[in-house]
Amino acid sequence: MSQISLTFPDGNAREFPAGTTPAEVAQSISTSLGKKAISASVNGAHWDLQWPIDADAQIAIHTMQDEDQALELIRHDFAHVMARAVQEIWPDTKVTIGPVTERGWFYDFDRQDPFTPEDLGRIEAKMKDIVAAKEPVTTEVWDRARAIAHYEELGEPYKVELIERIPEDAPIRMYWHGDWQDLCRGPHLQHTGQLPADAFKLMGVSGAYWFGDTSRPMLQRVQGVAFKNRDALKAHLTFLEEAAKRDHRRLGREMDLFHMQEEAPGQVFWHPNGWSVYTTLQDYMRRQQRAGGYVEVNTPQVVDRKLWEASGHWEKYQENMFIVEVDEEHAREKAINALKPMNCPCHVQIFNQGLKSYRDLPLRMAEFGSCNRYEPSGALHGIMRVRGFTQDDAHIFCTEEQIEDETRRFIDFLARIYRDLGFEGFKVKFSDRPDVRSGSDDVWDKSEHALRAATTAAGCDFELNPGEGAFYGPKLEFVLTDAIGRDWQCGTLQVDFVLPERLDATYIGADGAKHRPVMLHRAVLGSFERFIGILIEEHAGKLPFWLAPRQVVVASIVSEADDYIREVVAELQKAGVRAEADLRNEKINYKVREHSVGKVPVILAIGHREVEERTVTVRRLGEKQTAVTSLADIVSTLRAEATSPDLL
RNA sequence: GCCGGUAUAGCUCAGCUGGUAGAGCAACUGAUUUGUAAUCAGUGGGUCGGGGGUUCAAGUCCCUCUGCCGGCACCA
């Protein structure tokens, strides 16, 4: 038997027989390590304790102290334990896949009857039994034909399909948790007793298509979360409770920002407070755009289908458009129009008016464009995903050579705005060609290459999002997250060689000939609706002072203060601060509580003392202590705070 | 759009196996002039999401439509 050399993290190397497993290595170090070990890293790969090592390697033995490996194994083994529990309770359930997720795992099942919320408790109890039984985990590599035959015999068609999808040269691993067996790439724990039985919770059931394919039957997905110990689980559940308090749908009501109702699903009724946030943000964006070299335009809402046919939307996007049929009495046929789902075709119409010269490029055309899209009902989500919304949209008409410069310029532009609005970090995703698309592969090659090069040149790190581009071109997505960590695309930059062609946009070049411009579709906020939703959740309703709808409430302690309070409010309003008086016959405690719940950033309390001394007592949201300040001082302080960051 | 859940007063929720609606907060009225997260008392308010059905009787059971919630799919 040949020997191999295994090098430990401390640099020491030892000889072992070839085919030694990490379990044996751990055992050889100490019996307690042998027991505590959960997995290993072999040349950086996460390695099951039972997998043999055939050649010299770097090795590290992992225990529950190693956070990353421990969590992966805990979640992955819980997935198997849950699947086992489900099949023990309902033997006719077919198993599919059960991967680890960010905070836990899910497992998709095929079963006639739906899982009920009550079933989750039963499954949890059974899972705890399996953990308590300390079922050993064992593994074998099987021959492909044997594995397929095995699952065909068991009546597990999804597993057969999975095996068929495994690459030819990859091993087909079988795992057993006690008697229960599953196809799995591993690694896994030594036995189920290593799982923390008090640190997991089943979170719910939902539907999910097999391999995300809508043409396949829908499976039932049971989701769970798991952590290293009970405290970590409790911390996560607390986090979820706190996140629920930051939910923009809840804060929207509590802060009286907006509402939505059944008669207009996916559309927002903005209340005065919410509209104040919206218009403040819009004013800010308008100043930014002017400074950034954009011209602002405005285009029609209802546009004849002919334009959508020309742009390609009729073909590629029709099911997402609100169609408007107008029945004119004397017309030969019905006029068919559509509410615009995007602004781009209209912007090209403006570009096409009169001759454009290469000297006009880049032409940056912006619009706060109201769009309507018939989004699938299941996609609607508060004001984050709606059917009627306004984009801070712009199209940059430029030459191919200008793409890189414009992209870099845009990324700087966006980053500065996000910073102003309180977002320090954001994700960037690069989405390339989707299956359903316009334009030739040549054009796509060119677009993807140009955008990628420009992004790299701008020093922007991005992750690849394969096949997620728009139908007319690749895109960069600037992604922000909501209170519970869901990603939302806000900003975007999309290269488009297709639309200028389809709508015949041209400019006269230096050579006197006609040329085709490139269009860059871009948005910073994405839509005001979504962005304000994110803004609310990001700040937990405590919007930056300059954006807060009600910035100051001046509250009376005694009614003799009313006249002075009116004066204070008038002074503040004159200084450009959104201030109002609260003269109700209520205790100051009551008023403080109510305005704190309403997320008013500053409460000024006025009693006898303040009237006499011409001062105010300042209480800031989230702070317990108060401070007495002269009227003149607070007016100048708050005037400065009310100024939007670009005007400082 | 799909799977599951859900819909009771402005808000948060109660209403057991069917017998014709209740609480707290809010609102309104009155008292209280109050010092930093809920002052006290009284009053009003619901065709139980819409439609249909079963039944002597439906908030409760069934069907259906709609909205909402969680995922999937789709996407700013």
Side-chain angles (χ1 to χ4, degrees), chain A residues 106 108 114-117 119 203-223 247 249-250 253-254 256 259-266 317 319-320 341-342 369 371 373-382 384-387 389-393 431 434 436 468 470 475 477-480 484 486 488-492 494 521 523-531 533-534 555-562 584-598 603-610 617-626 628:
Chain A
F106 63 78
D108 288 349
F115 291 107
T116 66
D119 289 341
M203 300 301 282
V205 198
S206 62
Y209 298 106
W210 174 239
F211 274 96
D213 183 347
T214 48
S215 69
R216 304 291 298 265
M218 183 160 266
L219 306 170
Q220 295 190 62
R221 172 168 300 181
V222 182
Q223 300 146 83
D247 190 310
R249 292 166 296 193
R250 173 171 170 163
R253 187 176 55 244
E254 288 176 358
D256 196 14
H259 86 272
M260 303 176 87
Q261 65 187 47
E262 202 170 335
E263 290 80 358
Y317 205 72
E319 60 183 33
N320 281 294
M342 299 180 194
C371 295
R373 298 183 186 171
Y374 189 78
E375 298 288 355
S377 58
L380 303 179
H381 181 92
M384 304 274 221
R385 184 77 183 271
V386 288
R387 288 184 175 153
F389 56 99
T390 301
Q391 297 178 313
D392 65 318
D393 200 9
S431 300
V436 179
E468 297 295 316
K475 60 179 177 177
E477 296 174 35
F478 299 88
V479 174
L480 298 172
I484 61 170
R486 281 179 290 216
W488 293 94
Q489 180 194 315
C490 291
T492 183
Q494 309 175 3
H521 307 244
V524 176
L525 308 181
S527 83
F528 281 89
E529 288 74 6
R530 174 174 297 180
F531 199 88
I534 293 279
S556 59
I557 295 169
V558 293
S559 50
E560 282 89 45
D562 290 3
R584 291 174 303 171
N585 176 14
E586 295 288 352
K587 292 188 132 180
I588 191 66
N589 288 293
Y590 181 89
K591 297 181 183 181
V592 165
R593 180 186 146 76
E594 188 175 281
H595 300 306
S596 297
V597 168
I603 298 169
L604 302 181
I606 314 283
H608 288 298
R609 227 168 34 230
E610 289 80 3
T617 297
V618 186
R619 186 192 158 92
R620 293 198 178 250
L621 184 59
E623 289 176 17
K624 267 251 174 318
Q625 70 277 33
T626 56
V628 180

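Note on naming: letters A, B, ... go to the chains in the order of the sequence lines (proteins, then strands), and numbering restarts at 1 for each one.
Residue R221(A) places none of its side-chain N or O atoms closer than 4.0 Å to OP1 or OP2 of G70(B). Distances shorter than 4.0 Å separate none of the side-chain N or O atoms of K587(A) from OP1 or OP2 on A37(B). Distances shown here put a side-chain N or O of Y590(A) below 4.0 Å from the OP1 or OP2 atom of A26(B). Under 4.0 angstrom from either OP1 or OP2 of A76(B) there lies at least one side-chain N or O belonging to Q489(A). The phosphate of G70(B) has OP1 or OP2 within less than 4.0 Å of a side-chain N or O from R249(A). Between U36(B) and H595(A), no contact under 4.0 Å exists linking OP1 or OP2 to a side-chain N or O.
Inter-residue side-chain proximity for H521(A) and T492(A) is flagged as unmet; no heavy-atom pair is nearer than 4.5 Å. Considering only heavy atoms from C-beta on, R385(A) comes within 4.5 Å of R530(A) through its side chain. Looking only at side-chain heavy atoms (C-beta outward), R387(A) and S377(A) come within less than 4.5 Å of each other. Within the 4.5 Å cutoff, the side chain of L380(A) has no heavy atoms near those of the M260(A) side chain.
Here, G45(B) and A21(B) have their P atoms 14 Å apart, quoted to the whole Å. Across the C1' atoms, C48(B) and G10(B) are found 16 Å apart, a figure rounded to whole Å. If you take atom P in G24(B) and the same atom in C40(B), they sit 12 Å apart, rounded to whole Å. On the C1' atoms, G59(B) is 7 Å away from U8(B), given to the nearest whole Å.
Rounded to an integer number of Å, the gap from CD of Q261(A) to P of U66(B) is 18 Å. I557(A) places its CD1 atom 15 Å from the C1' atom of U39(B), with the value rounded to the nearest Å.
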*asked:* For a side-chain contact (heavy atoms from CB on, under 4.5 Å) check, start with the C-alpha distance between K475(A) and Q489(A), then their side-chain angles and the critical distance, and finish with the verdict.
replied: CA-CA 11 Å; K475(A) 60 179 177 177; Q489(A) 180 194 315; 3.4 Å; yes
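Heavy-atom nearest nucleotides on RNA chain B were determined for R609(A) and for Q391(A), and the one closer to the 5' end corresponds to R609(A). Mapping H381(A) and L621(A) onto RNA chain B via the closest heavy atom, the residue that lands nearer the 5' end is L621(A).
The main-chain N or O of W210(A) is never found under 3.5 Å from a side-chain atom of D213(A) such that the two would form a donor-acceptor pair.
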*For RNA chain B, produce a single dot-bracket line, 5' to 3'. Pairs: Watson-Crick or G-U wobble, both distances under 3.5 Å. Symbols: ( ) within strand, [ ] crossing, | other strand, . unpaired.*
(((((((..((((.....[..)))).(((((.......))))).....(((((..]....))))))))))))....
*Starting at the 5' end of nucleotides 2-17 of chain B, put B wherever the base has a protein heavy atom under 4.0 Å, S where only the sugar-phosphate does, and a dash everywhere else.*
BBS------SS-----
